[in-house]
Amino acid sequence: MDQKYFISSLILINPIAKDDVTRPAKTSSGHQIIINRVDLHNKGNLNSTTKRHNSYSTNFVKKLKVMWTKNNIPDLTGKIAIVTGSNTGIGFETAKALYEAGAHVTIAARDIQKAKNAIQKIQSDTAGKGTLDYEMLDLANIGLIREFADHFMQKHTKLDMLINNAGVMVPPASKSDDGFEMQFGVNFMGHFALTGYLLPLVKQTANARVVTLSSGAATLVDSIDFDNLRLEKSYDEWREYAVSKLADILFSYELDRRFKNARISAISVAAHPGVTRTDLQRNIPGENLEGLFAAFDQVMEPWQGALPSLFAATDPSVEGGKFYGPDGPKEYAGYPALSGHHTAAMNDEALAKRLWEYAENAIQLTYKF
């Protein structure tokens with residue numbers, strides 16, 4: 001699953017996957033979720049419009065003419081890339097494919113030893129044309145994010161691809177080092193800060209790309225409660241995950257608008273990986289997770305879940321301000337295509353601007369376009 005298409009969100013959108021069986025599951029905090037349409041209306045501020053499946057019309061994607069794989073990645077010799085959370089899962093496969101295509105890839109991870117292990121594994125698995133290095137990046141700490149960015153800019157004069165991939169999903173109630181609810185703090189605030197601190201390199205790099213990983217879970221909430229981003233209210237791990245993924249979409253779209261307004265050649269693109277088995281699900285008990293996965297005809301491996309990110313980062317046909325995901329039914333699995341996930345909240349420019357202003361003020365960071 002995704003780094004970002006979290007399984008229970010998928011089922012809550014459309015509980016009838018393989019069959020009509022109602023499937024109970026427990027959250028990481030022990031609460032039981034009965035996965036059916038009735039419960040959907042009782043999930044806090046979960047989007048009531050999702051029952052109409054407005055994101056899943058029969059024409060939910062504009063299909064590509066070819067089945068795109070990493071073999072379609074153009075030569076990336078001389079390109080510089082950062083992939084956050086690339087020591088495992090989708091991030092690992094993304095970094096590996098970019099390396100194979102000739103890019104210089106920085107494995108950005110919280111655990112240095114795991115980053116080193118990832119490099120060793122990539123180099124033992126494939127004869128890539130590129131180069132690899134690693135840097136410690138803790139997205140739960142704004143100060144450490146700035147240190148990462150400063151160090152990276154001392155070493156490099158450009159940044160062709162920034163892939164905001166890392167994430168956390170449904171942990172027990174906790175806060176980032178800066179006091180944000182952990183999922184909002186890591187998934188959105190951490191990547192907002194990282195992108196802002198690296199903006200000088202992005203601006204001076206011709207046709208740079210910022211790819212931010214989101215999820216179909218973004219369709220499950222109607223808005224963002226700005227009075228509950230620091231655990232001021234009761235904690236619902238599934239709702240908070242959906243809020244963080246909505247924030248990622250809003251950020252990605254707003255960033256692209258600001259690139260265009262400033263006449264900067266960079267583009268900002270969002271992607272989601274569909275239903276993919278990764279370490280992101282580590283907070284879901286194994287027995288419950290297998291029950292959730294059993295609802296789907298196909299659960300992808302990380303190499304396939306990474307394809308929408310890779311497509312968004314490298315394909316010449318990609319347009320800024322777009323969202324890419326798998327092309328299969330309901331975007332659960334498949335190969336890269338334009339996503340059909342659309343809600344009023346995802347396209348709310350006023351909400352996106354409010355979120356942007358909130359983030360800048362909260363961490364005292366002003367994007368200078």
Side-chain angles (χ1 to χ4, degrees), residues 73-87 90-92 94-110 115 118-119 122 128-139 142 144-166 188-213 248 251-252 254-260 262-271 306 309-316 318-321 363 365-369:
I73 297 175
D75 181 25
L76 299 179
T77 301
K79 301 294 186 181
I80 307 294
I82 295 172
V83 184
T84 67
S86 46
N87 58 289
I90 288 168
F92 174 86
T94 301
K96 179 180 177 181
L98 297 177
Y99 164 72
E100 289 174 338
H104 174 82
V105 184
T106 294
I107 306 291
R110 184 178 55 182
I119 289 177
I122 289 173
K129 298 189 297 181
T131 53
L132 296 163
D133 71 1
Y134 62 88
E135 293 284 349
M136 195 281 284
L137 175 63
D138 184 351
L139 289 165
I142 301 300
L144 293 178
I145 295 169
R146 182 160 196 169
E147 287 183 18
F148 170 92
D150 289 344
H151 189 239
F152 188 88
M153 289 191 291
Q154 290 172 5
K155 295 168 59 179
H156 301 282
T157 58
K158 68 170 188 169
L159 176 57
D160 298 280
M161 293 165 281
L162 171 59
I163 302 180
N164 292 324
N165 165 85
F188 168 66
M189 289 298 304
H191 285 123
F192 181 89
L194 178 65
T195 305
Y197 291 136
L198 290 170
L199 186 61
L201 280 190
V202 173
K203 287 168 52 180
Q204 68 189 39
T205 305
N207 303 311
R209 295 190 187 188
V210 178
V211 179
T212 301
L213 272 287
D248 283 333
F251 166 57
S252 182
E254 181 65 16
L255 178 61
D256 193 72
R257 285 190 288 268
R258 296 189 183 218
F259 281 152
K260 286 182 171 68
R263 298 185 178 181
I264 295 170
S265 65
I267 63 172
S268 172
V269 186
S309 304
L310 289 165
F311 180 85
T314 67
D315 196 82
V318 168
E319 301 176 31
I363 60 174
L365 166 64
T366 300
Y367 274 60
K368 296 180 181 179
F369 291 95

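Everything numeric in this text was worked out from a predicted model, so none of it was measured. Hydrogens, waters and symmetry mates play no part in the numbers below; they use all other heavy atoms, side chains included.
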(request) Go through the steps to decide whether Leu144 and Leu137 satisfy the test side chain to side chain contact (heavy atoms under 4.5 Å, CB included), and finish with yes or no. (result) CA-CA 7 Å; Leu144 293 178; Leu137 175 63; over 6 Å; no

(request) For residues Thr94 and Ala306, report the shortest heavy-atom separation together with the two atoms involved. (result) OG1-CB, 3.5 Å

(request) Inspect the surroundings of NZ in Lys368 and state if more than 12 heavy atoms from other residues, nucleotides or ligands are less than 6.0 Å away. (result) no

(message) Could you tell me if the side chain of Tyr197 sits less than 4.5 Å from the side chain of Asp150, heavy atoms only?
(response) no

Identify all side-chain donor-acceptor contacts of residues 95-107 below 3.5 Å with residues at least two apart in sequence or on another chain.
from, atom 1, to, atom 2, distance (Å)
Glu100, OE1, Lys70, NZ, 3.1
Glu100, OE2, Thr126, OG1, 2.9
His104, ND1, Thr131, OG1, 2.5
His104, NE2, Asp133, OD2, 3.4
Thr106, OG1, Asp133, OD1, 2.7

(message) Main chain of Ala208, side chain of Lys158: is a donor-acceptor contact present, judged purely on distance under 3.5 Å?
(response) no

(request) Hey, could you give me the OG1/CG distance between Thr205 and Leu162, rounded to the nearest 0.5 Å? (result) 11.0 Å

(request) Provide the closest heavy-atom pair for Ala115 versus Ala109 in the form atom of the first, atom of the second, distance. (result) CB-CB, 4.1 Å

(request) Starting at CE of Met136, measure out to NE2 of His151 and round the result to the nearest 0.5 Å. (result) 11.5 Å

(message) Determine whether a donor-acceptor pair (N or O, by modelled atom type, separation under 3.5 Å) exists between the side chain of Arg209 and the backbone of Ala312.
(response) yes

(request) Indicate the atoms forming the closest heavy-atom contact of Ile82 with Leu198, along with that distance. (result) CD1-CD1, 3.7 Å

(message) Asn165 vs Ser86, test: side chain to side chain contact (heavy atoms under 4.5 Å, CB included). Steps then yes/no.
(response) CA-CA 8 Å; Asn165 165 85; Ser86 46; 5.6 Å; no

(message) Is the shortest side-chain heavy-atom distance between Ile163 and Leu310 below 4.5 Å?
(response) no

(request) Give, for atom NZ of Lys129 and atom CG of Leu76, the distance between the pair rounded to the nearest 0.5 Å. (result) 7.5 Å

(message) Please find the pair of heavy atoms, one from Asp256 and one from Ser268, that lie closest to each other, and give the distance.
(response) OD1-N, 3.0 Å

(request) Could you tell me the separation between the OG1 atom of Thr212 and the NE2 atom of His191, rounded to the nearest 0.5 Å? (result) 7.5 Å

(message) Under the criterion side chain to side chain contact (heavy atoms under 4.5 Å, CB included), I'd like the reasoning laid out for Asn164 against Phe192: C-alpha separation, chi angles, the key distance, then a yes or no.
(response) CA-CA 9 Å; Asn164 292 324; Phe192 181 89; over 6 Å; no

(request) Indicate, with yes or no, if the rings of Phe259 and Tyr367 have centres closer together than 6.0 Å. (result) no

(message) Ignoring hydrogens, what is the shortest heavy-atom contact between Ala193 and Ile142? Give both atom names and the distance.
(response) CB-CD1, 3.8 Å

(request) Using a 4.5 Å cut-off on heavy atoms from C-beta on, say whether the side chain of Asp138 contacts that of Phe148. (result) no

(request) Supply the atom-to-atom distance Asp160 CG to Thr314 OG1, rounded to the nearest 0.5 angstrom. (result) 12.0 Å

(request) Hey, could you give me the CD1/OH distance between Ile119 and Tyr134, rounded to the nearest 0.5 Å? (result) 7.0 Å

(request) Step by step, work out the side chain to side chain contact (heavy atoms under 4.5 Å, CB included) result for Leu199 and Phe369. (result) CA-CA 8 Å; Leu199 186 61; Phe369 291 95; 4.3 Å; yes

